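Down below is the structure, laid out as structure tokens.
Chain letters run A, B, ... following the sequence lines, proteins first, then strands; residues in each count from 1. Keep in mind it's a predicted model, so treat the numbers as computed, not measured.
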Number of protein chains: 2
Amino acid sequence: MTTSQIADMLRSNGLKVTPQRVEIIRFLQAHRVHPTAQQIYEHVLRKVGSVSFTTIYNTMRVLEQMGQVRKIPITENAAIYDIDTSDHGHFVCEICGTVYDIAYKASFQIPHQARKTELIVYGVCERCMKTQ
Amino acid sequence: MTTSQIADMLRSNGLKVTPQRVEIIRFLQAHRVHPTAQQIYEHVLRKVGSVSFTTIYNTMRVLEQMGQVRKIPITENAAIYDIDTSDHGHFVCEICGTVYDIAYKASFQIPHQARKTELIVYGVCERCMKTQ
DNA sequence: CTATTTGCAAAGTGTTTGCAATGAC
DNA sequence: GTCATTGCAAACACTTTGCAAATAG
């Protein structure tokens, strides 16, 4: 996604185009990691020179409401954000903390109306298994 | 589980038997809800007359380490605790906040070593669907 | 020029920690 | 009597809020 496509996306959602917002989205798209607010903050600060946690959290909230971002409730500590909103789960390595996307198939029968499904698997990732 | 069985369970794990610990476990077993630390605190305070959040969190931590309790990372806010450690998922009603146990079958292939799987489904529960 | 956005500082929430007093055994 | 446990108060980490200054359009 080019900068002007990011700008269009923001404008079409009624949002103003600010350097902070553009850089947040650029970061999420380019790196495809699963960053915390802290990591997004550090990147945008480096790139733009000025940003605050207020702006990070505000922007992540509007992006989530726009359906452009998923907020993932990894157990303890901080939430992480995923720009890939397709249906997939996450594997969290308990050694190095890396979060991997995983494909899954889940079936369950509930007398309720499901809106969102969250699958999180905790364990040790391949890389850490080798190192240990 | 009788009080003396609870006492035995504590002792066999090298823990002293205090009124607060007994009442915490009794509460988890009798009600089978998915309480937050706050709810456990309120119950134990009413029953025992004296308890602190320090004690609640300390006890829940040792119970979790003993494998007697599962801590569930429901999205926002506070964690909830489940004394049923068998393999099952959870449905969280976004209207009333109730957490229901759900049976599920999930399949995924990962090059990693899984230790724990957490499935949480968010939506509107049957009861709230009728009321709305 | 106007309405939105930024960002500081302060507040808020759930949880943990330091440490003295209490209590189990 | 000894060592674990309790519980207060303070500290913590992440996130949100109030509000004035800056900025996009």
Gap between atoms CD and P, on Glu64(B) and dT16(C) respectively (whole Å): 10 Å

Letter per nucleotide, 5' to 3', of nucleotides 15-25 of chain D [B base touched, S only sugar-phosphate touched, - untouched; heavy atoms, 4.0 Å]: BBB------BS

cation_pi(Lys71(B), Tyr81(B)) dist<6.0 Å, angle<=45: no

Polar side-chain atom of Arg21(B) near backbone of Leu10(B) as donor-acceptor pair, under 3.5 Å: no

Residue pair Cys125(A) / Tyr100(A): nearest heavy atoms and the distance that separates them: SG-OH, 3.1 Å

Glu23(B) CD to dT5(D) P, straight-line distance once rounded to whole Å: 18 Å

His34(B) (side chain) donor-acceptor with Val99(B) (main chain) under 3.5 angstrom: yes

Atom pair distance, as rounded to whole Å: CD1 in Ile74(B) and P in dG14(C): 15 Å

Pairing of Glu64(B) and Arg61(B) as salt bridge, 4.0 angstrom limit: no

For atom CG of Asp8(B) and atom C1' of dA24(C), their distance in whole Å: 16 Å

Whether Phe27(A) and His43(A) hold their rings parallel, tilted or perpendicular, with breakpoints at 30° and 60°: parallel

